[in-house]
Amino acid sequence: MDANIWALGVDRVRRKLRGLSSGRRCARQADALAGRGRPIVTIFYDVEGDYARRGATRRELDCVGRILEIEARYAIRSTYNVVARFALDAPSLIESVRDAGHEIASHSYDHSILTRLPGSALVDHLRRTRDTFDALGVAVVGHRSPQSAWNERVLDALLSTGYAWNAENGAEPYPYRIRTSRDLTLWRFPVAGDDWQYESEGCAPAQMLERWRGQVQAARGRRSHVAIGFHPWVESAPGRLTALEELFHWLVDDAQVDVMPFGDVLRIAAAAPQPAVAYG
């Protein structure tokens with residue numbers, strides 16, 4: 001068997017097992033957002049530049065500016081998960097996102113796959129990321145892993161380095177405490193979908209718009225929170241920002257949801273009573 005095929009198979013099994021484990025953790029906790037009546041939708045962006053895809057930085061910078069203009073028109077506040085080295089390369093972009101009232105979170109220091117880092121290097125990596133944003137005047141409390149690659153070691157390192165929330169791909173129906181230790185808590189925000197099918201499946205903007213609407217509509221009666229992610233360099237292709245704006249228009253006018261960044265959801269969830277069982 002080809003080594004790459006074997007590795008992909010092992011990775012799929014590991015991801016499935018992590019998903020089952022996460023589902024059990026979530027199910028043992030009450031929904032901290034229950035009783036709100038309207039689902040909450042979080043729009044987020046993984047801002048990566050050349051650290052994820054060579055040649056993406058120029059498109060990223062232009063597209064983030066255009067996205068900020070669209071969000072301002074619809075009074076939407078979102079979360080921007082930024083690679084720290086990209087933030088150093090483009091501090092004016094960070095200022096623009098912050099000044100527009102959006103949340104800035106970590107997408108690692110240099111888009112490394114964190115599960116591949118040994119323990120001490122992993123902790124140093126996450127601390128360096130937070131220190132970088134601190135130097136730019138941004139207090140980062142949230143993290144999303146590149147390629148949504150995480151494991152138990154990553155969770156331990158996030159908790160020990162002061163992160164309060166972690167957003168990764170998952171089918172769990174609501175946010176939950178995935179790690180607790182003494183007075184520290186790490187919340188998990190499951191991510192329902194993103195815009196990667198543009199790249200992986202060659203989907204058209206109209207198809208993607210229907211996917212996103214479907215993810216939100218499916219939440220009614222089943223999920224209290226839906227997180228949908230985007231990559232500005234992916235959104236820069238023709239027609240894609242139009243679809244994104246149509247999604248925003250629908251969310252604000254017709255979807256009967258509340259739209260807010262992860263940090264705002266965290267404040268609501270953390271104020272709810274502590275569940276009887278929490279994992280740490």
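Atom set for the values below is all heavy atoms of this structure, side chains included, hydrogens, waters and symmetry mates excluded.
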Quiz item: Hey, are the side chains of Asn81 and Val47 touching, using non-hydrogen atoms and a 4.5 Å cut-off?
Solution: no
Quiz item: side-chain contact (heavy atoms from CB on, under 4.5 Å) with Leu241: which of Glu246, Arg66, Glu69?
Solution: Arg66
Quiz item: Once you round to the nearest 0.5 Å, how far does CG of Asp50 lie from CZ of Arg85?
Solution: 10.5 Å
Quiz item: Would a 4.5 Å heavy-atom cut-off, applied to side chains only, mark Phe44 and Val191 as touching?
Solution: yes
Exercise. Determine, using the 4.5 Å side-chain heavy-atom cutoff (strictly less than), whether Val216 and Ile70 are members of one ILVMFWY cluster.
Key: yes
Quiz prompt | Nearest non-hydrogen partners of Thr129 and Tyr109, listed with the distance | solution = OG1-N, 3.1 Å
Quiz item: Does any non-hydrogen side-chain atom of Thr185 lie less than 4.5 Å from one of Arg179?
Solution: no
Exercise. Would you check if the side chain of Ser112 reaches a backbone N or O of Leu114 as a donor-acceptor pair within less than 3.5 Å?
Key: no
Quiz prompt | Flag, side chain of Ser160 to backbone of Ala157, donor-acceptor distance under 3.5 Å | solution = yes
Quiz item: When you check the gap from the basic side-chain N to the acidic O, do Asp134 and Arg130 get nearer than 4.0 Å?
Solution: no
Quiz item: Quick one: side chain to side chain donor-acceptor pair (under 3.5 Å) partners of Glu210, sequence neighbours excluded?
Solution: Arg213
Practice problem: Output, in order, the C-alpha distance, side-chain angles, deciding distance and verdict of side-chain contact (heavy atoms from CB on, under 4.5 Å) for Tyr80 and His107. | Solution: CA-CA 9 Å; Tyr80 286 75; His107 194 42; over 6 Å; no
Practice problem: Provide the closest heavy-atom pair for Leu186 versus Tyr163 in the form atom of the first, atom of the second, distance. | Solution: CD1-O, 3.6 Å
Self-check item: Shared hydrophobic cluster for Val226 and Val252 (ILVMFWY, side-chain gaps under 4.5 Å)
Solution: yes
Exercise. Anything under 30° is parallel, anything over 60° is perpendicular, the rest tilted; go ahead and classify Phe262 against Trp165.
Key: tilted
Self-check item: Sidechain-backbone polar pair: Arg223 side chain, Tyr174 backbone, donor-acceptor under 3.5 Å
Solution: no
Self-check item: Pairwise distance CE(Met260) to CD1(Ile40) - rounded to 0.5 angstrom
Solution: 4.0 Å
Self-check item: Sub-4.5 Å side-chain heavy-atom contact between Arg144 and Asn166
Solution: no
Quiz prompt | Test item: Glu172 side-chain N/O and Gly23 main-chain N/O as donor-acceptor pair under 3.5 Å | solution = no
Quiz prompt | Val265 backbone acceptor or donor facing Trp187 side chain under 3.5 Å | solution = no
Quiz item: Any idea which heavy atoms bring Ser78 and Glu71 closest together, and the distance?
Solution: OG-OE2, 2.6 Å
Quiz prompt | In one Ile/Leu/Val/Met/Phe/Trp/Tyr side-chain cluster, 4.5 Å: Val83, Leu88 | solution = no
Quiz item: What is the distance from atom CE of Met208 to atom SG of Cys203, rounded to the nearest 0.5 Å?
Solution: 5.5 Å
Quiz prompt | Exam field: side chain Glu60 to backbone Glu48, donor-acceptor pair closer than 3.5 Å | solution = yes
Quiz item: Phe248, Val41: one ILVMFWY side-chain cluster at the under-4.5 Å cut-off?
Solution: yes
Quiz item: Do Glu152 and Arg25 sit within salt-bridge range, that is, some charged N less than 4.0 Å from a carboxylate O?
Solution: yes
Quiz prompt | Minimal non-hydrogen separation, Leu136 against Arg98, with atom names | solution = O-NH1, 3.4 Å
Exercise. Report yes or no: is the cationic atom of Arg188 (NZ for Lys, CZ for Arg) under 6.0 Å from the centre of the six-membered ring of Trp150, at an angle within 45° of the ring normal?
Key: yes
Quiz item: Are side-chain heavy atoms of Trp233 and Leu61 found at a separation under 4.5 Å?
Solution: no
Quiz item: Between Tyr45 and Phe230, how do the two ring planes meet: parallel, tilted or perpendicular, split at 30° and 60°?
Solution: tilted
Practice problem: Answer yes or no: does atom CZ of Arg38 have more than 12 heavy-atom neighbours from other residues, nucleotides or ligands under 6.0 Å? | Solution: yes
Self-check item: Cationic N near anionic O, under 4.0 Å, Glu201 to Arg211
Solution: yes
Quiz prompt | Check: Ser224 side chain, Leu33 main-chain N or O, donor-acceptor pair, under 3.5 Å | solution = no
Quiz item: Taking Thr132 for the side chain and Ala84 for the main chain, is one N or O donor matched with an acceptor at less than 3.5 Å?
Solution: no
Quiz item: If you measure from CD on Gln147 to OG on Ser108, what distance do you get to the nearest 0.5 Å?
Solution: 10.5 Å
Quiz item: For the residue pair His102 and Ile76, what are the closest heavy atoms and their distance?
Solution: CE1-O, 3.1 Å
Quiz item: Does the Glu103 side chain pair with the main chain of Pro261, one donor and one acceptor, at a distance under 3.5 Å?
Solution: no
Exercise. Would you sort out whether Asn151 and Thr115 count as a side chain to side chain donor-acceptor pair (under 3.5 Å), showing the intermediate values?
Key: CA-CA 6 Å; Asn151 56 22; Thr115 54; 5.0 Å; no
Exercise. Using a strict cut-off of less than 4.0 Å between a Lys/Arg side-chain nitrogen and an Asp/Glu carboxylate oxygen, indicate whether Asp195 and Arg240 qualify as a salt bridge.
Key: no
Exercise. Measure the CG-OH distance between Leu251 and Tyr74 for me, rounded to the nearest 0.5 Å.
Key: 10.5 Å
Quiz item: Do Ile268 and Ile43 share a hydrophobic cluster, counting only Ile, Leu, Val, Met, Phe, Trp and Tyr and linking them when any side-chain heavy atoms are less than 4.5 Å apart?
Solution: no
Quiz item: Under the 3.5 angstrom rule, does the side chain of Gln197 hit a backbone N or O of Gly202 as a donor-acceptor pair?
Solution: no
Quiz prompt | Nearest atoms (heavy-atom pairs only) where Thr42 meets His225 | solution = OG1-NE2, 2.8 Å
Quiz item: Are the side chains of Ile94 and Ile104 in touch, meaning some heavy atoms are under 4.5 Å apart?
Solution: yes
Quiz prompt | Stepwise side-chain contact (heavy atoms from CB on, under 4.5 Å) check, Leu93 with Val97 | solution = CA-CA 6 Å; Leu93 179 143; Val97 171; 4.2 Å; yes
Quiz item: Would you call Glu245-Arg73 a salt bridge at under 4.0 Å N-O?
Solution: yes
Quiz item: How many angstroms lie between SG in Cys26 and CG in Asp31, if you round to the nearest 0.5 Å?
Solution: 7.5 Å
Quiz item: Using 30° and 60° as the class limits, which term best fits the ring planes of Tyr51 and Phe86: parallel, tilted or perpendicular?
Solution: perpendicular
Exercise. Would you mind checking if Asp131 and Arg128 are paired as a salt bridge, meaning a charged N to carboxylate O distance below 4.0 Å?
Key: no
Quiz item: Does Val234 reach the side chain of Arg59, with side-chain heavy atoms less than 4.5 Å apart?
Solution: no
Quiz item: Is the closest side-chain heavy-atom distance between Ser96 and Leu68 below 4.5 Å?
Solution: yes
